[in-house]
Amino acid sequence: MPGAEKLSRPQTEPALKRYSSRSMAENRQTQTDLVFLPLGGAGEIGMNLNCYGYGPPDEKRWIVVDCGVMFGRETATPGVDIMMPDVRFLEDNRDDLLGLVLTHGHEDHLGAVAHLWPRLRCPVYATPFTARLLSDKLEEAGLDGEVKLRVVPLGGKLTLGPFALEFISITHSIPEPNAIAIRTPLGTILHTGDWKIDPEPQLGLVTDESALRKLGEEGVLACVCDSTNAFVPGESGSEAEVKVALHALIGTLTGRVAVTAFASNVARLDSVARAARAHGRELVLVGRAMRHMVEAARDTGYLKDFPRVVAEEDSARLPVNRVLYLCTGSQGEPRAALARIAAGEHPYVSLGEGDSVIFSSRIIPGNDLAIFELQNRLAARGVAVITERDHFVHVSGHPARDELAAMYSWLKPKVAIPVHGELRHMSEHARFARELQVPEAIVAVNGQMVRLAPGKAAIVDETPSGRLHLDGDVLVHEDDGLARSRRALSYAGFIGVTLVLDRKGRVAAQPVLHFEGVPEAVMEPVSDAIARSLDGKRGDELKEQVRIAARRAAKEIWGKKPVVRVEIVEV
Ligand SMILES: [Zn+2]
Ligand SMILES: [Zn+2]
């Protein structure tokens, strides 16, 4: 809820608000500083977009780390599938925008590039797997010839103006997650990206502890860090443990087995594929995203030993105990493979009595209802539903508290800046960082500019921020009110009223009423109330009087006030 976010916005220190202060105009020309500005992902989980600026206030040069989307909620944003940050601030500073750097390939980190790049028009930097995912998206958007996409090798370095960047390998839940070390003349920042410590990630490199320790010895000014699991004690657990558990679990199942997981968790796909092979089951990839991710991983050098895959359309002939389906749709997405299977609408895959579906994933908050509905549909078909609540089939890709503690002990930063969390996650993360003896911890939400150096870190300014909604194929600002008006329509329907008046303002014919989503019992009383409200007033005054009368009558009978529009036709 955007309203709630506004109420709990951390305070900008008035004494430090010099960007807006005229009296400090002299200083403005000379004082170079280093700032951090989140435009997305600070105060919510999703649509990450982080800016770093260096230079005097009016001549700062900027880099951006990540540019992601967030999924819309049917109740809050009806008709909106994805949302992304408002980048007005960067558009205004486009001439000083040196580049966009991507930490990894998850939608909440790169999903908005194809939508927002036309407003930013800067070079984009990513490691090979992430670059491959992005280039597919750019191609779909018809931008592939336009965007300068530079591929950075793992562990690669790159200089953008005053920023010297180094990609540091970490572990997460997708191939090639990177932290970015950002060295500037005023100090070094470690932007962690999404991470965990997994000694056996099953695919790709382990977290580069020695590079992080070395950075700590060199001196770290600020650590801008993942807050997703700030409340979770202990460690997030390893992909290796999930692999062992899935192997054992699949060995106990006798009917058809389907596993659903995030397609981007390529290590998990590999573990499932190996378990299938070990138990004599043929692997079938069901869903476009599943096939796409496996192909992208193979093209960039991963999954060298991935088993042979049987095509969906050939899978029906396999005996029930000789097949394993790896499906999209773990979040209950209505168009994904698993939803179609559960509805009995998949052309090649059907599940029933004696079969099992393993949800090797977590429930992303907000998807709960869709996921439970999907699981109920499967249960109604007689399918056994296995989730992380009853079996060990999933580990998180984000750091639990012991991992956060390890990171802070390696880096010893002067300032901790929690991101990638709702306000409650970020506040808890800041508290925890202080407990770990990090001298300063700052909680800033989207649009709040944090000065990192020189001096004590503080929120020093506010920039425009907010969300853009992708509504169909059109980007609209959340403040345009489309979502609000659709919520009102979906809650209490619509009444259109056309008044037919003569030139002197007298009623020339019966008003024409049009009802959408309004119960029949309400129609007549509303119609009577409208007739009574026509008392010789003219123009807008009359329209408003009729509108209020209609809403009042509806409220009296129904307890709800529909949206009412009144038009006047003069004859
Ligand atoms: Zn991620
Ligand atoms: Zn993320």
Side-chain angles (χ1 to χ4, degrees), residues 38-50 64-71 82-85 100-113 116 126-127 129-134 137 154 167-180 190-198 201-205 207 223-232 236-237 239 242 261-269 289 293 296-297 302 330-331 360-367 394-400 403-404 407 417-423 425-426 429 445-446 467:
L39 291 178
E44 70 224 328
I45 293 185
M47 61 172 228
N48 298 285
L49 194 150
N50 308 278
V64 173
V65 178
D66 290 335
C67 182
V69 295
M70 186 162 162
F71 296 98
I82 58 173
M83 311 187 280
M84 58 200 81
L100 163 62
V101 181
L102 302 176
T103 58
H104 66 291
H106 276 149
E107 285 292 315
D108 60 322
H109 297 260
L110 68 54
V113 178
L116 297 180
T127 55
F129 179 76
T130 310
R132 162 65 204 261
L133 296 185
L134 180 62
K137 281 180 178 292
L154 294 180
F167 285 65
I168 297 179
S169 289
I170 44 169
T171 48
H172 181 37
S173 49
I174 188 170
E176 296 181 3
N178 298 283
I180 315 284
L190 184 81
H191 184 98
T192 66
D194 294 1
W195 66 283
K196 68 190 279 189
I197 299 172
D198 189 340
Q202 304 305 301
L203 182 146
L205 305 171
T207 296
C223 175
V224 176
C225 183
D226 184 349
S227 309
T228 315
N229 283 344
F231 288 102
V232 179
S236 54
E239 278 298 325
V242 181
F262 292 110
S264 56
N265 193 338
V266 176
R268 187 76 51 84
L269 307 188
M293 277 295 168
Y302 300 97
S330 67
Q331 297 305 305
S360 183
S361 55
R362 77 179 182 108
I363 294 176
I364 293 184
N367 297 341
H394 178 66
V395 288
S396 170
H398 299 274
E403 291 155 278
L404 289 172
M407 182 64 91
I417 301 197
V419 291
H420 206 286
E422 294 169 12
L423 208 47
H425 302 106
M426 294 178 12
H429 185 167
V445 296
N446 297 342
R467 288 174 183 171

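Atoms within a ligand are numbered from 1 in the order they appear, just like the ligands themselves. Position 1 is the first residue of the sequence, and the numbers go up from there. Everything numeric here is computed off the predicted structure, so don't read it as measured data.
Of all protein atoms, those of element N, O or S that lie under 2.8 Å from the Zn ion (ligand 2) number 4.
Between Thr207 and Ile170 there is a side-chain heavy-atom pair separated by less than 4.5 Å.
Side-chain atoms of Thr192 and Asp226 form no donor-acceptor pair, as typed in the model, at a separation below 3.5 Å. If you check the side chains of Ser236 and Ser396, you find no donor sitting under 3.5 Å from an acceptor.
Between His104 and His106, the angle of the ring planes goes over 60°, which puts this pair in the perpendicular group of the 30/60° scheme.
Not counting sequence neighbours, the partners of His429 by the side-chain hydrogen bond (donor to acceptor under 3.5 Å, both in side chains) test are Ser227, Tyr408.
Judged by distance alone, the side chain of Asp194 and the main-chain N or O of Pro177 form no donor-acceptor pair under 3.5 Å.
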